[in-house]
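Some notes on the structure that comes next.
Atoms within a ligand are numbered from 1 in the order they appear, just like the ligands themselves.
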Amino acid sequence: MKKVFSLFLIVSFTMLSLQAQLKADHLLTENLQDPVGIDILQPQFSWQLQSGERNVQQSAYEIQAGTETAALVKGEGAWKTGKINSDQSAHITYNGPALVAGKRYYWRVRVWDNKGNTSEWSKPASWQMALLQPSDWKAQWIVPGVDDSTYASPLFRKQFSYSKKVRSATAYITAHGLYEAQLNGQRVGDAYLAPGWTSYNKHLQYQCYDVTNLLKQGAAVIAVTLGDGWYRGNFAFDNKRNIYGTDIALLFQLDIVYADGTKESVVSDNSWKSSTGAIRSAGIYAGETIDARLEKKGWTLAGYDDSKWDAVKTADLSKTVLAAAYNEPIKKHETIQPVKIITTPKGERVIDFGQNLVGWVQLKVKGKPGDSVKIYHAEVLDKNGNFYTENLRGAKAEDIYVLKGNEEEIFEPHFTFHGFRYAKLEGYPGELKPENFTAMVLYSDMKQAGSFTTSDPLINQLQHNIEWGLRGNFLDVPTDCPQRDERMGWTGDAQAFFRTATFLRGVNNFFTKWLKDLSLDQVSTGSVPHVIPNPLGDKGWAAGGSAGWADASTIIPWQMYLVYGDKRILENQYNSMKAWVGYMQSQSTNDLWNKGSHFGDWLFYTMADDNDGKSAITNKYLIAQCFYANSTQLLINAAKVLGKNEDVATYTALLQRIKDAFLKEYTTANGATMSNTQTSYVLALQFDMLPEALRQQAADRLVANIREYRNHLTTGFLGTPYLCHVLSRYGYTDVAYTLLLQQTYPSWLYPVTKGATTIWERWDGIRTNGEFEAVTMNSFNHYAYGAIGDWMYRVMAGIDNEDGTVGYKQVRIQPHIGGGFTDVAASYDTQYGKLISSWKIANGKLILQTEIPANTTATIYVPVQGDNEVMESGQPLSASKTIQTTGKEKGYLVVKVGSGKYEFSTNYNGK
Ligand code: BGC
């Protein structure tokens with residue numbers, strides 16, 4: 001007995017000490033895990049603390065960084081911070097000796113906490129520097145040796161040999177167009193549609209690949225295929241070619257370090273050969289044609305005879321616009337098998353993948369030489385069940401494969417992508433068997449951030465649709481839609497969805513890169529083009545400047561700062577933010593911005609037969625004035641963070657004048673807005689346009705308006721993101737829930753009831769009678785209305801920053817019970833770790849489970865009814881020595897906690 005007891009003691013003691021062990025992990029460099037290719041001269045580091053204890057705060061850290069892991073372990077890193085007393089564990093800037101192009105560095109960290117624990121050194125993380133200046137490029141731009149006016153994809157080939165043992169090898173690649181590279185017959189990296197899309201003539205990203213494993217001793221072959229892509233393919237509305245240039249070109253540098261320390265570079269130059277192969281044409285809208293009979297067999301391997309290939313030409317193209325890719329590359333993610341293979345009433349053979357997605361179909365096929373298989377793509381079937389592609393407008397979205405024949409062949413495109421759920425097959429030899437078709441889903445490889453589930457299956461489907469809206473439209477740039485002849489970085493859509501996107505994926509690097517292009521493409525007047533990157537030119541309409549669209553330039557940087565707490569985004573974008581506010585100022589008379597062309601509250605509720613004025617039209621200049629005020633406010637916020645006091649004073653005075661002008665022009669003395677629509681109240685309230693005394697009545701008018709439409713929203717792109725937030729802020733969360741749960745048109749759930757698997761562009765893409773909306777604009781994968789996701793995370797589940805703080809270091813958890821939900825569970829990976837808020841109502845009890853990451857604190861609002869007692873992990877909260885209760889506030893008990901897991905429970909009536 002005694003023995004068993006002491007064994008028990010030993011076991012529990014070891015478990016306790018294991019639990020208490022403090023650890024630093026999740027080391028990230030520039031928000032990425034062990035990135036290869038960074039051209040930031042002083043990269044930032046972050047890490048997370050793990051501990052089994054509650055209330056853990058970092059009290060100090062120490063970092064070592066250097067070029068050798070072994071040296072780090074011995075404590076001989078090139079940069080040693082020593083012990084720094086600080087609770088900062090995100091965005092620590094490297095401050096050691098100058099970093100060298102192409103070099104790999106390692107770093108590790110150890111931490112101390114507020115309880116006297118010290119962690120072990122973390123496992124080392126690494127990062128590799130990219131090329132840091134144009135002169136680091138020894139490669140020359142090369143173009144095909146012969147006229148390429150057929151637009152068949154050019155192939156580039158270089159064979160070389162080396163005899164020494166390779167220690168490391170890095171490939172730096174970019175193109176005018178898109179590229180896919182192979183080394184010794186193996187694919188270099190797993191990025192697709194590289195180098196992605198930027199404002200090419202001002203900013204062209206290259207990717208860096210560690211290819212050490214692909215280099216074998218002896219002969220080596222570099223093989224690169226290019227596609228037209230965004231650079232010179234048909235693109236942007238009128239489908240014109242050569243938007244960025246007429247050339248298709250490659251820049252390739254392979255830097256090899258041998259085991260003996262010597263170095264060699266194999267670079268694109270006039271010794272390379274070019275030809276064409278199986279890819280006969282590839283366009284983003286059009287699709288791809290591959291004729292397998294024209295494949296150059298074995299061209300990616302040594303020994304292939306390229307003597308008949310053309311010599312390439314070198315081209316004097318810019319290297320000063322080059323930058324190492326900052327955002328995650330596009331990668332293949334989910335692979336989806338057919339759920340059904342159908343024959344439509346028209347006799348079409350159609351595969352249903354069950355999910356509207358973005359990517360392409362990979363198919364296996366066996367047939368005769370010259371057999372030609374065509375795949376068409378569609379998002380929906382029409383009401384008769386036939387394949388429907390009219391809403392793709394000018395995008396043919398058609399892949400054609402011509403078979404080599406006789407053996408099984410596998411096809412997939414390389415330089416296009418499609419938005420589809422259904423694929424129609426023509427010319428496929430033999431039966432359509434599900435196992436021969438796989439939909440490959442492609443999007444930028446951002447880490448998943450959040451999860452959100454509830455007791456309501458329709459709301460879960462809505463959440464699913466929001467997530468798939470992101471997957472389908474975050475393909476290197478945030479696009480409006482992925483299927484028709486558009487697919488551009490519409491600024492309004494991006495700003496509307498931005499905050500929701502942060503809950504779904506880690507979008508820091510994705511938007512940092514996009515905002516860089518926004519600044520670069522901003523017009524000299526300060527106007528921000530409608531789409532970024534901007535392939536539309538900067539004259540007339542294309543110069544942009546639409547309220548709610550151009551404001552992406554202020555809204556996104558500011559929101560990014562709130563979410564990630566990294567000031568650099570404000571530093572980088574400040575001039576752009578200020579220029580945009582300057583533009584609005586220049587367009588205003590007496591501080592009233594009532595000029596220019598605006599999209600307004602795009603796609604708001606309208607009726608086909610609007611005899612008594614039911615359509616919810618909000619005056620465009622009223623909207624413009626609200627966004628003018630908001631952007632000015634965000635500029636003031638940024639100026640405060642950056643210590644630009646003069647600007648704070650100047651723009652604070654301007655803001656007051658903008659609001660005064662708004663009141664005078666657009667509101668009655670009693671505070672009714674001139675348009676009297678939901679969006680007009682939502683914007684006026686969200687942006688604090690009204691004096692305090694007029695706010696509640698405006699919220700009441702908003703609710704009255706919602707009631708008039710029998711509990712329906714009528715908002716478009718600009719009002720929708722803030723609608724439920726405003727309702728909650730003014731005490732109408734119940735009305736927000738009613739809107740969220742509304743199933744009839746217009747509502748978020750109406751498309752769900754119609755079988756949507758993504759968010760639709762319009763509230764009624766498929767009308768109640770089963771007819772489609774106008775073909776000119778009817779996308780079934782447009783994320784803007786998915787902006788409700790932000791309210792679901794921040795209000796329903798209640799995960800937010802504490803007021804006035806950033807980056808989720810001080811968190812507020814304030815769930816909002818309602819809507820008949822009995823279960824809402826959300827998690828969100830902050831830079832400090834996983835944050836959880838999950839509430840349940842069952843058997844007359846409410847249970848709120850939360851998890852607060854180490855090195856953060858939280859204020860938790862526990863919903864309580866009356867004086868009901870609150871328990872925490874089974875103990876009366878009132879008796880807790882570590883959890884501080886700070887009082888009661890409108891149906892909540894407010895408690896302050898440190899990190900750890902908590903479970904609050906209390907008696908609770910109703911749902
Ligand atoms: C796009 C939108 C965009 C709009 C501008 C449309 O064609 O698809 O989402 O914001 O134009 O009003």
The single option from Leu515, Thr554, Thr512 passing side-chain contact (heavy atoms from CB on, under 4.5 Å) against Gln573: Leu515

Aromatic plane relationship, His530 with Trp490 - under 30° parallel, 30 to 60° tilted, over 60° perpendicular: parallel

Donor-acceptor pair, side chain of Gln742 and main chain of Thr744, under 3.5 angstrom: yes

side-chain contact (heavy atoms from CB on, under 4.5 Å) partner of Gln678, the single match among Asp601, Leu727, Leu702: Leu702

Contact residues of ligand 1 (heavy atom under 4.0 Å), by chain and number: Asp480, Arg484, Glu486, Trp490, Asp493, Trp549, Phe599, Trp602, Phe717, Glu761, His782

Distance-only donor-acceptor check, side chains Ser680 and Thr673, under 3.5 Å: yes

Polar contact flag, side-chain donor to acceptor under 3.5 angstrom, Thr720-Thr715: yes

